[in-house]
Q: 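This is the structure I want to talk about, given as structure tokens.
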Amino acid sequence: MFIEKCIASFFGIGYIGKGAGSIAAGVSILLLMWIFPDRMMGKLEFAVLVALICIAGIWASSKLVVLWGKDPQKVVIDEVAGMFLSMAGIPLNWPEVLAGFILFRLLDIFKPLGIRHGEKLKDGWGIMADDLIAGFYTNIILRLSIFLGVF
């Protein structure tokens with residue numbers, strides 16, 4: 001299960017323990033800014049990237065539920081997927097990125113607005129769903145903020 005553990009823990013970040021989700025989300029932002037140096041993800045690139053992360057995350061975390069239990073702290077690929085979704089179509093400038101990171105982490109930790117219901121899905125689907133919902137809400141709030149001239 002080495003490959004599954006690498007994917008689910010996002011290459012070991014999940015083993016850090018407390019704060020691993022925030023670190024994985026932060027590393028995700030840095031990766032986005034490195035992969036997309038023009039500071040904006042194209043629609044096709046984004047869709048493929050998020051789909052691949054989701055497929056890999058669902059597969060790996062579903063396999064590891066047997067070993068690690070339901071929604072274990074070591075699984076942080078869900079934070080990566082949620083953070084990527086948070087920033088879809090959002091300019092990757094530091095004010096937007098910082099706001100996206102903070103908002104995503106708050107929504108992921110406190111799980112308001114029905115986000116917690118995503119956890120009720122089975123195995124890897126439940127592990128990934130709540131973070132994807134939090135990422136979706138974050139993206140909507142960021143878009144509204146940009147529209148209203150906050151950024």
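This is a predicted model, so every value here is computed, not measured. Quick note: residue numbers are just sequence positions, from 1.
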Q: Identify each donor-acceptor pair in which a side-chain atom of residues 142-151 lies under 3.5 Å from a protein atom, sequence neighbours left out, and give them as a table.
A:
from	atom 1	to	atom 2	distance (Å)
Arg143	NE	Asn139	OD1	2.6
Arg143	NH2	Ala88	O	2.9
Ser145	OG	Ile141	O	2.9

Q: Near Trp59 CH2, under 6.0 Å, is it more than 12 heavy atoms from other residues, nucleotides or ligands?
A: yes
Q: Examine Ile55 and Phe136 and state if one hydrophobic cluster contains both, with Ile, Leu, Val, Met, Phe, Trp and Tyr joined whenever side-chain heavy atoms are less than 4.5 Å apart.
A: no
Q: Can you give me the closest heavy-atom contact between Ser61 and Gly124, atom names plus distance?
A: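 The answer is OG-CA, 3.3 Å.
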Q: Rounded to the nearest 0.5 Å, how far apart are CH2 of Trp68 and CD1 of Ile127?
A: 9.5 Å
Q: Applying a strict under-4.5 Å side-chain criterion to I, L, V, M, F, W and Y, I'd like to know whether Ile35 and Leu30 cluster together.
A: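 Looking at the clustering, Leu30 is in the same group as Ile35.
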Q: Please identify each residue that fulfils salt bridge (Lys or Arg N to Asp or Glu O under 4.0 Å) with Asp130, with sequence neighbours left out.
A: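 Asp130 satisfies salt bridge (Lys or Arg N to Asp or Glu O under 4.0 Å) with Lys111 once adjacent residues are dropped.
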Q: How would you list, by chain and number, every residue that makes a side-chain hydrogen bond (donor to acceptor under 3.5 Å, both in side chains) with Ser62, sequence neighbours excluded?
A: none
Q: The criterion is side chain to side chain contact (heavy atoms under 4.5 Å, CB included); which residues satisfy it with Ala60, sequence neighbours excluded?
A: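 If we apply the side chain to side chain contact (heavy atoms under 4.5 Å, CB included) test to Ala60, skipping adjacent residues, the hits are Glu4, Ile7, Ala8.
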Q: Decide if atom CD of Gln73 counts as having more than 12 heavy atoms of other residues, nucleotides or ligands within a radius under 6.0 Å.
A: no
Q: Could you state the interatomic distance from OH (Tyr137) to CD1 (Ile115), rounded to the nearest 0.5 Å?
A: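 It is 6.0 Å, given to the nearest 0.5 Å.
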Q: Salt bridge (charged side-chain N to carboxylate O under 4.0 Å, His left out): which pairs involve residues 75-84, sequence neighbours left out?
A: Glu79-Arg105
Q: First locate atom CH2 of Trp34, then atom CD1 of Ile29, and finally report the distance between them rounded to the nearest 0.5 Å.
A: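 Reported to 0.5 Å precision, the distance equals 15.5 Å.
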Q: Nearest 0.5 Å, please: how far is CZ in Arg116 from CD1 in Ile133?
A: 11.5 Å
Q: What residues form a side chain to side chain contact (heavy atoms under 4.5 Å, CB included) with Leu106, not counting sequence neighbours?
A: Ile102, Phe110
Q: Could I get the full list of side chain to side chain contact (heavy atoms under 4.5 Å, CB included) partners for Leu132, not counting sequence neighbours?
A: Cys54, Ala81, Leu85, Met128
Q: Under the side-chain hydrogen bond (donor to acceptor under 3.5 Å, both in side chains) rule, collect the residues that match up with Lys120, sequence neighbours excluded.
A: His117
Q: Apply side chain to side chain contact (heavy atoms under 4.5 Å, CB included) to Ile23 and list each qualifying residue two or more places apart in sequence or on a separate chain.
A: Ile13, Ile16, Val27
Q: Take Ile77 and Val80 through the side-chain contact (heavy atoms from CB on, under 4.5 Å) test and state the conclusion after the steps.
A: CA-CA 5 Å; Ile77 191 68; Val80 176; 4.2 Å; yes
Q: Would you please test Phe104 and Met87 for side-chain contact (heavy atoms from CB on, under 4.5 Å) and show each step?
A: CA-CA 10 Å; Phe104 171 72; Met87 300 312 297; over 6 Å; no
Q: Exactly one of Thr138, Ile140, Leu103 should register a side-chain contact (heavy atoms from CB on, under 4.5 Å) with Ser86. Which one does?
A: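 The option that passes is Thr138.
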Q: Tell me, please, which residues at least two apart from Lys74 pass side-chain hydrogen bond (donor to acceptor under 3.5 Å, both in side chains).
A: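 side-chain hydrogen bond (donor to acceptor under 3.5 Å, both in side chains) list for Lys74, sorted by chain: empty.
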Q: Just verifying a value: how many Å separate Asp131 CG and Asp108 CG, rounded to the nearest 0.5 Å?
A: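 Nearest 0.5 Å value for the CG-CG distance: 4.0 Å.
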Q: Crowded around Ile3 CD1? As in, over 12 foreign heavy atoms under 6.0 Å?
A: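 Counting other residues, nucleotides and ligands, CD1 of Ile3 stays at 12 neighbours or fewer.
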Q: For a quick test of reading the model, state the closest non-hydrogen atom pair linking Gly14 to Val76 and the distance between them.
A: N-CG2, 3.8 Å
